[in-house]
Structures are given as C-alpha cells and as structure tokens.
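Have a look at the structure below before the remarks.
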Amino acid sequence: VRFQRMARMTVTAAVVALAAAGCGSSDGSGGSGDAGSCKYQIGYFGALTGDSANLGINIRNGAKLAIDQYNKDAKDCVGLKEFDSAGDPAQAPGLARKAVTDKTVLGIIGPAFSGESKAANGTFDQGKLPIITASATNPALADNGWKIFHRILGNDASQGPAAARYIKDVMKAPKVFVVDDATEYGKGLATIVKSDLGSAVIGTDTVQAKQTDFAATVTKIKASGAKAFFYGGYYAEGGLLRKQLTDAGGKDIVMVAADGVKDPGFVKAAGQAAAEGTILTCPCLPPSKTKGTFAADYKAAFKVDAGTYSGEAFDAATVFIEGIKAGKTTREALNDFIGSFHGEGVTKSIAFDAKGEVTDKVIWAYKVKAGQIVEEQEIK
Amino acid sequence: VQFLLDNFWDLSVTGLTQGAIYALIALGYTLVYGVLRLINFAHSEVFVTGTFASIFVLHAFGLGSDDPVPSAGMVVLYIAAAAVGAMVASAATALVVERVAYRPLRRRNAPPLVFLISAIGASFAISEAFGVLVDRNNVRVPNLIEPQTQFHLFGASVNNRQLLIVAAAIVMMLCLDQFIRRTRLGRGIRAVSQDPDSAALMGVNKDRVIALTFILGGLMAGGAAVLYDLQFGVTRFNAGFVLGIKAFTAAVLGGIGNLRGALLGGLLLGLMENYGSAIIGSEWRDVVAFVFLIVVLMFRPTGILGESLGKARA
C-alpha cells in the first residue's frame, strides 16, 4: 500500500508538472516590452496559440506596433497585455474575468474571433471594460446591448453579401455549393451567403473544427456539379478541404472563402498548386493600400509583411492611445471617448455608430496567385 | 439517402482508405491492451511523431513542400526512406513512453487508473512539445504521389494513392499477424497476454515482451503516419487527437486485444463515417461513428470478433 501511495503521488506530481509545462505557453500573460511597469495597459484578447493562431498574431503585432511607436516618445508608457484564448470559446469567459479584475487594463483589442466574443463580451460589459475588435465579424455580436462593444471593420452582414455579389457578378457561377464549419463565425457567414445566393445554391454541408478527412464532403461537392463552393470557416480546415477536393479531381471547382481563411496558413495547408485561384473576401484593407508609413514600419518591426487585420488592429490601438493621451484614464471615460471618436486611421476614417459598428466599411476580394494572397479588387 | 445510393462506391473507396489508417493505429492500442490490459493513450502521439519524422526525412533529402513530384523510381525510394524514418521514430517514441510512463509504475504495482493518467500526461507533453516546435502551424509534406485514377469500381474512381494506402496497410497487418503467430517473440507476446505469471515461470522475460509490444505498435503507427502524410499532405501537432480516439474506437469495435478485430473495426468505422455523413450531413459524422459503436457493443460487448490476442491459435 505504501508503494502504491508513493507511486500515485509521483505520478500526480509528474502529471501536474507536465500539464504545467504544456499550458505554460498558452497562459500568455507575458505582455510586451515593459508592460508590467507601465501605469496603464491595453489588453490583446485572442488566439496566439491553437489552430488559427496566425490570425491572432497579426492582430497582436498590429497593436504592438502602435503602442511601441507611442511609447518611443511618451513620458508615461502604455503596456500591451496579452490574453491568449487559443481562439477557444470555452476558455474565453475565465480569461475575460482575469482581464476585468486587472485594474491597470483600460481597454481590450479583441476578442479576435466571433465565438469567443460571444462568450466573453458579457463579462467585459459587466466590468465596463471597453473593447474594440479588429476581426470578429459575426453581425449578431452588435445586438447584445453591450455598451463596451466596438468593431473597427465591416461585419459579415456586409462581407457575406459582398462575397455573394462577387460569386454572382464577377465569377458568374450558376451553381454554388456552401460548406460551413459549425462555428459562430463560419455558420453565420455561410447562412448569409446562402440566403443571398438564393437558388444558385445547389447543396450544403457542415464540417467540424479539427477534422482532417473531408472525403464525404468532397464527394458531395463533386456530385452536385457545382462550379464554385463557398467555405465559411478558418484556414486550417479550409486548406485541407481545398487540397482533398483537388486531389479527388475537383480542381476546377473554385473555392471562395472569407477572412478566416485569408492567411498564408491556408496556402500551406492546401499546397500551392491546390490553393491557386482561391478567392478570399475580407473587410480588411490590403496593407499596400494603408495610409502613411504603416506597411513599411510593420515590415521593419516584425520582418514580415503586415497580415490580415494588422492595420485594423493598429487603428484600434491608436483609438485607445488617443483616449489615454486625452486623459481618459478610467474605463468609463475611455468608453465614452471611443463612442464619440472621429479620426483618420491607416485603414479608414474611424467613427462608431450607436451599436459600436464602424461607419466606414470596405470589403476587398483577394486571390491566391503563385502561393501568395494578393488583392484582386474592392467589392462595392 | 438517394445521395448515398448514387455515390455508394465512391464513399466506400474513400471510407476504406481512411479506415485502413484507423486500423493501423488501432493495432497499437490493441497490442498494448492485449498484453497489459491497459489503454495506451499516448499512442496517438506515437503516431504524430511518425508524421513529423517522415517529413523530416524527406526534407533531409532536399525535397521542398511545393516541389513537383519526382520521378517514379525516386518516389519509391523516398517513400521507403520516409517509412523507415517514421517507423523508427514512432517505435522509439513508443519505447520511451513505455520506459517513462509505464515501467516505473509497473515496478511499483500501481493501480490501472494511474497508468491511464500517466499515459494521458505523456500524450499532452509530446503533443505540446511538437506544438511549440512548429509554432502550431500546419506542416506540409512534399508532394510524392499525384493521384491518378487507375480504374473504376462500379463508377467510383480508384486512384493510385488509395490503392497504395489500403495495400500497404493490409500487408503490414498480415506481417504483424504472422509475426505474432509464428515467431518465438510472437509466442512470448501471446504467452504474456494469456497468463503473465505462468509465462514468467516458463522463462519468458515479461519486461522484454512488453517493450517489444510497444515497439510493434510504434512500427505500425509509423507506417500509418507515412500513409497519412501521403493522403493528407499536411500534419499538425494535434493531428493525433481525433485520429487517436477514432483508432481506439476502431480497436474496441473490432474487439480490443484482437489484431484482426482492429483491421475489421478500422475499415468498418471508416465506411460508417462516410455513409453517415452522406445520409445526414458531415456534422453528424462522429455521432454516427459512436452510435454505431454503442449499438455493436450492446449486442457484442467484447466487440465484433471478441478479445483474443492470446487465444489466437492458442
């Protein structure tokens, strides 16, 4: 019995140690630079690890750039505190509570995805902590009466119809198959696209996050005779689906997807050959079209080109910084400041309506060419 | 349902391909269970190690992710090298798991639950380690096989890659089956699985047999890893999670501890998933798979072929 108890204790200790080692990286309250020593902090809330981490990292970097530029010649520094949700709605409420209880955090950039936004924003609202999301595009998020909610980009109520318009008017595809990934974001977007395309939709299917074998879906798309298919979801699964469809002889069926797929990770998962020609919509401005020196500064700071929503995140951080500069250093005052903010960002002119939606919306179509995601045209 | 009937053979072919991979991984669960009566939940990471190792080998040969497909002769060489690399890496991982997470506990006669937890711990540790190493990105496998339709089976096209996967999986399983049935080491495995104490009294080195069992499971997982890489062209640190659960399900379905059961269970599971997805939609795929498992277990609690690693030609 003594041996058993010893063994049990050893194992428990080992498992705890392993778990701690495993989670250590995803705990992520590290912050940037001298975050801890600054009097006020702006939080980044979203995935920095997990399947769709790339999307979150772009946003974090955009925000970091704005804050670092401000800190360079400010006498009171502002910190960036990271709350890594791994994009998981189940982790979001706890993490949001953590952010709310940290009184040095005045505002949150994020949450990055729609699913986690739905789970976390109620907590932010109770804590009166203002948020500006630079990427969560589910339209229903604005309808919850959250006074702290702001969105610095067009939502899926404008992106979905734009994608549908592109399929109808530019691609002129008469038969379209629609696939979604059952997430808040993917399903919501696919539903909008479906209703906008109307009778052109000849079949639908739903896949799951973390799925790798899409054989049944591929068979359905092929059998439907569709010329194009719309995918509502994120790049990890989207890339695999594209590749498997191409492998199964569906090379000519064009994939149309939205901002959740607009990441180099998509090309990586699908392979350059299969990814070629994929159309991606995004309520984000191409980095090359951003104003000022943003694109060059970003490249200099992070050694890569600005990604999806880096510019939007930069603008969101700028709004917070302007507020702090104006002496709005309580959460309530900062929230009021954002509500009445008017100014020029690098991606658009920024002003929010009563529901927290940005008034100036732009939707662009991008296309995968030779392994790169390049801008195609603005969808009016 | 009409869709299922129209595309029945197409769905069968893709289902069997996926099922063959399930079956190869299922062997690892079944072997360890047969000998130790324990589930090795770290086996999914034994598999993941193989998927990364084969990519590592291919990169070492200078193949890039988006290079064109090499000539046929080279492809055979590359696949063989990748297979060897994956099998060695997976077997080594399995052995390490046995040494670190099993043997110390066995020496102290820990209760079965503790093994379960230590295996899950090992699984997380390995998976997260890969996650950190590759920044949690998808990792591309160099293109080795361009799928080309070889022939049509009742209207469903069958391509060279699907043929290779199913054939390779079945050959590997036959080899394993013969190894367990005919060789001295195989006899040792069967002896320990039937009655560990008597086997020890008859001079079978139990520790060695257990290590061998883990290695065999690792070799099969390594084979599955190469086939997975060829089929999906991409791997990621948590690729083993869902696949491991499915393979475990396949093992239980066929009768855990039974090698032929693992084959049958894997193929059946692959088919049922596809048929289920076709009838009610892909979001029901896992539901269909597990309802099928529960229904089978209701009528045959020990799985379709029953538990019988030891009793195979006892």
Side-chain angles (χ1 to χ4, degrees), chain A residues 3-4 6-8 10-12 14-19 21-26 49-51 53-54 57 86 179-180 182 203-208 210-220 222-223 235-236 239-240 243-244 246-249 265-274 371, chain B residues 3 6-7 10-11 14-15 17-18 21 65-66 101 104-105 107-111 114-115 117-118 120-122 124-125 127-129 131-132 135-140 143 147 149 157 159 161 228 231-234 236 238-239 241-243 270 273-278 281-286:
Chain A
F3 268 131
Q4 282 194 3
M6 243 175 69
R8 217 172 292 156
T10 322
V11 172
T12 316
V15 168
V16 169
L18 285 173
C23 298
S25 57
S26 55
T49 59
D51 291 338
N54 296 2
I57 291 167
V179 182
D180 73 76
T204 61
D205 200 16
T206 299
V207 298
Q208 280 159 347
K210 292 201 197 316
Q211 191 174 331
T212 50
D213 173 35
F214 297 97
T217 307
V218 163
T219 306
K220 284 185 192 179
K222 265 173 44 186
Y235 64 88
L240 289 179
K243 175 170 169 27
Q244 287 171 32
T246 304
D247 282 354
F266 166 72
V267 182
K268 215 167 174 182
Q272 197 171 315
Chain B
F3 172 78
D6 290 347
N7 297 283
D10 201 22
L11 291 166
T14 50
T17 315
Q18 181 70 5
I21 296 177
S65 304
D66 282 304
L105 297 178
R107 291 262 159 83
R108 296 189 170 84
N109 279 322
V114 174
F115 287 92
I117 301 294
S118 75
I120 292 175
F124 270 109
S127 165
E128 291 296 320
V132 172
D135 281 338
R136 291 163 203 271
N137 271 324
N138 287 316
V139 179
R140 285 276 303 160
N143 305 319
T149 304
S157 59
N159 69 37
R161 193 167 63 192
Y228 176 92
Q231 168 75 358
F232 294 113
V234 63
R236 58 180 184 229
N238 59 4
F241 181 71
V242 176
L243 210 58
E273 280 188 349
N274 260 7
Y275 297 155
S277 306
S282 300
E283 68 267 45
W284 293 92
R285 172 191 159 98
D286 294 350

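Every heavy atom of this structure was used, including side-chain atoms; hydrogens, water molecules and symmetry mates were not. Protein chains get the first letters and strands the later ones, always in sequence-line order, with residue 1 at the start of each.
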Determine whether the side chains of B:Asn238 and B:Ser127 contain a donor N or O and an acceptor N or O closer than 3.5 Å. no

Any side-chain heavy-atom pair from A:Thr204 and A:Val179 closer than 4.5 angstrom? no

Gap separating the CD atom of B:Gln18 from the CG atom of A:Asp213, nearest 0.5 angstrom: 3.5 Å

Partner chain B: residue of A:Thr246, A:Thr219, A:Thr217, A:Thr212 with the largest heavy-atom pair count (under 4.5 Å): A:Thr219

Between CG on residue B:Leu243 and CD1 on residue B:Ile21, distance to nearest 0.5 Å: 7.5 Å

Restricting to salt bridge (Lys or Arg N to Asp or Glu O under 4.0 Å), what partner residues turn up for A:Asp247, sequence neighbours left out? A:Lys243, B:Arg161

Heavy-atom distance under 4.5 Å to chain B: side chain of A:Ala269, backbone, both or neither? both

When the 4.5 angstrom heavy-atom criterion is applied to A:Ala53 and chain B, the contacting part is neither

Would you mind checking which part of B:Asp6 comes under 4.5 Å of any heavy atom in chain A, side chain (CB onward), backbone (N, CA, C, O), both or neither? neither

So, the part of A:Gln208 with a heavy atom under 4.5 Å from chain B: the answer is side chain

Residue A:Asp180 versus chain B: region with a heavy atom under 4.5 Å: neither

Could you work out, with ring pair (Phe, Tyr, Trp, His ring centres under 6.0 Å) as the rule, every residue matching B:Tyr228, not counting sequence neighbours? B:Phe47, B:Phe232

Which atoms of A:Ala270 come close to chain B, meaning under 4.5 Å heavy atom to heavy atom: side chain ones, backbone ones, both, or neither? backbone

